[in-house]
Amino acid sequence: MGKSHGITKGEDETAKRSVTLVWMGCAYRNRLKNLEEGIMALLTRLRVNFRLLEKEDCCGLPLIFAGYLDKATEQARKNLDKIGEVRQVVTPCPACYRAFNHFYPSLLRLNAPFRVVHLTQFLSSLLDKGILKSSGLKPLKVKAMYHDPCELGRHSKIYEEPRRILKAIPGLNLYEPRFTREKAACCGGGGLLYAYFPTLSSLVAARKLMDEDRVPRDLEAAVTACPQCIINLQQAWLEGEAPNVKIWDIVQVLNMALKEEEGR
């Protein structure tokens, strides 16, 4: 396995560039450690040659949203310098994906010298190569809906890859909510709303599941591919405002399907 946490002294530069760098994002690193570990476990199980930075910083998107563009530019330059010369960066965070691919070049005038893809795009490419299915996807009999995160969906136009991954899992019944893809309702966790008005943020999450999506009674799980959506939808569920459905990251679902006895 080529997994490495950070850069080793004396490591061959060509070898470093051939490894996929995984940029976790603040939410996974600081608030969803179990999912961070799940992502690394999944990539290891799929024999992906990847590494992490010794110390990863914020992508700078909160600074951009708050209007601190000078500080955001400074942060972005540090990030690009720290990542260095790699072939590809994979991130599970839609906000980080959008920061690198959209805000850095269009707003901060900084172009990353590497390709940045979202984790669902990367996993979808493994599906095309037959790697996911050859890893032994087990049947997972569950009725689940996929929630399109705003940053990944409307802002980045990534709709099909997550659905392709879920549809590849035997036994999984994928339910499409009333509002989906470009019409999907926000979970209430984006745009710094969760930081400034957490109560309103939770109410928006509950309304999304109950009113906008009108989830059926036999729905067992809401699956998404965004850490902030996970945090916000789970919080609404804990406060008793949302329907009694499990809130899963798409990586959790894949890990369940790849384990023989563990999971539900």
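Quick note: residue numbers are just sequence positions, from 1.
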Show your working on side chain to side chain contact (heavy atoms under 4.5 Å, CB included) between L132 and L254 and close with a plain yes or no.
CA-CA 9 Å; L132 258 181; L254 274 175; 4.2 Å; yes
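- Within a 6.0 Å radius of NZ in K55, other residues, nucleotides and ligands contribute 12 heavy atoms or fewer.
- Looking at residues two or more places apart in sequence or on another chain, you find no side-chain contact (heavy atoms from CB on, under 4.5 Å) involving A41.
- Side-chain contact between E161 and L123 is absent, with no heavy atoms from C-beta onward closer than 4.5 Å.
- In terms of hydrophobic clustering, with Ile, Leu, Val, Met, Phe, Trp and Tyr side chains grouped at heavy-atom distances under 4.5 Å, L80 and L107 are assigned to a common cluster.
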Salt bridge (charged side-chain N to carboxylate O under 4.0 Å, His left out) evaluation trace for K33 with E36
CA-CA 5 Å; K33 295 295 292 183; E36 179 188 31; 2.6 Å; yes
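- The structure places CD1 of I158 at 3.5 Å from CD of Q121, a figure rounded to the nearest 0.5 Å.
- N49 places no side-chain N or O within 3.5 Å of a backbone atom of T20 that could act as its donor or acceptor partner.
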The test is side chain to side chain contact (heavy atoms under 4.5 Å, CB included); show your working for L35 and V251 and say whether it passes.
CA-CA 8 Å; L35 291 182; V251 167; 5.8 Å; no
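- Side-chain contact between L258 and L42: present, with at least one pair of heavy atoms (C-beta onward) separated by less than 4.5 Å.
- Between L127 and R164 the shortest heavy-atom distance is CD2-O, 3.6 Å.
- You'll find the side chain of K167 stays beyond 4.5 Å of the side chain of L172, heavy atoms only.
- Counting all heavy atoms, side chain and backbone alike, C93 lies closest to Y28 at N-CE1, 4.2 Å.
- Rounded to the nearest 0.5 Å, atoms CG (L119) and OG (S124) are 11.0 Å apart.
- Within the structure, salt bridge (Lys or Arg N to Asp or Glu O under 4.0 Å) pairs that include any residue of residues 95-123 comprise R98-E151 (at least two apart or interchain).
- Closest non-hydrogen pair, Y175 versus K143, comes out as CB-CE, 4.1 Å.
- With sequence neighbours excluded, no residue satisfies side-chain hydrogen bond (donor to acceptor under 3.5 Å, both in side chains) with Y146.
- With a 6.0 Å radius and a threshold of 12 heavy atoms from other residues, nucleotides or ligands, D218 has its CG atom above the threshold.
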Show your working on side chain to side chain contact (heavy atoms under 4.5 Å, CB included) between L53 and W23 and close with a plain yes or no.
CA-CA 8 Å; L53 291 176; W23 178 278; 3.7 Å; yes
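- Annotation for C186 and C150: closest pair CB-SG, 3.5 Å, computed over non-hydrogen atoms.
- Residues V86 and R51 are in side-chain contact: their nearest non-hydrogen atoms beyond the backbone lie under 4.5 Å apart.
- With respect to the salt-bridge test (charged N to carboxylate O, under 4.0 angstrom), the residues D57 and K78 do not qualify.
- L126 and V89 fall within the same hydrophobic cluster, where Ile, Leu, Val, Met, Phe, Trp and Tyr residues are linked whenever their side-chain heavy atoms come under 4.5 Å apart, directly or through other members.
- Nearest heavy atom pair, residue G25 against residue C96, reads CA-SG, 3.7 Å.
- A donor-acceptor contact shorter than 3.5 Å is absent between the side chain of E220 and the backbone of A144.
- The closest side-chain heavy-atom distance from E176 to R181 is below 4.5 Å.
- Proximity of L166 to M145: side-chain heavy atoms (C-beta onward) are nowhere separated by under 4.5 Å.
- Among all heavy-atom pairs drawn from I131 and L46, the shortest one is CG2-O, 4.0 Å.
- The backbone N or O of G153 lies less than 3.5 Å from no partner atom in the side chain of D148, so there is not a single donor-acceptor pair.
- Taking 4.5 Å as the limit, some side-chain heavy atom of P92 sits within range of a side-chain heavy atom of M24.
- By the 4.0 Å N-to-carboxylate-O rule, E74 lies too far from K71 to be salt-bridged with it.
- Atom CG of L69 sits about 9.0 Å away from atom CG of L63, to the nearest 0.5 Å.
- The closest side-chain heavy-atom distance from H118 to S156 is not below 4.5 Å.
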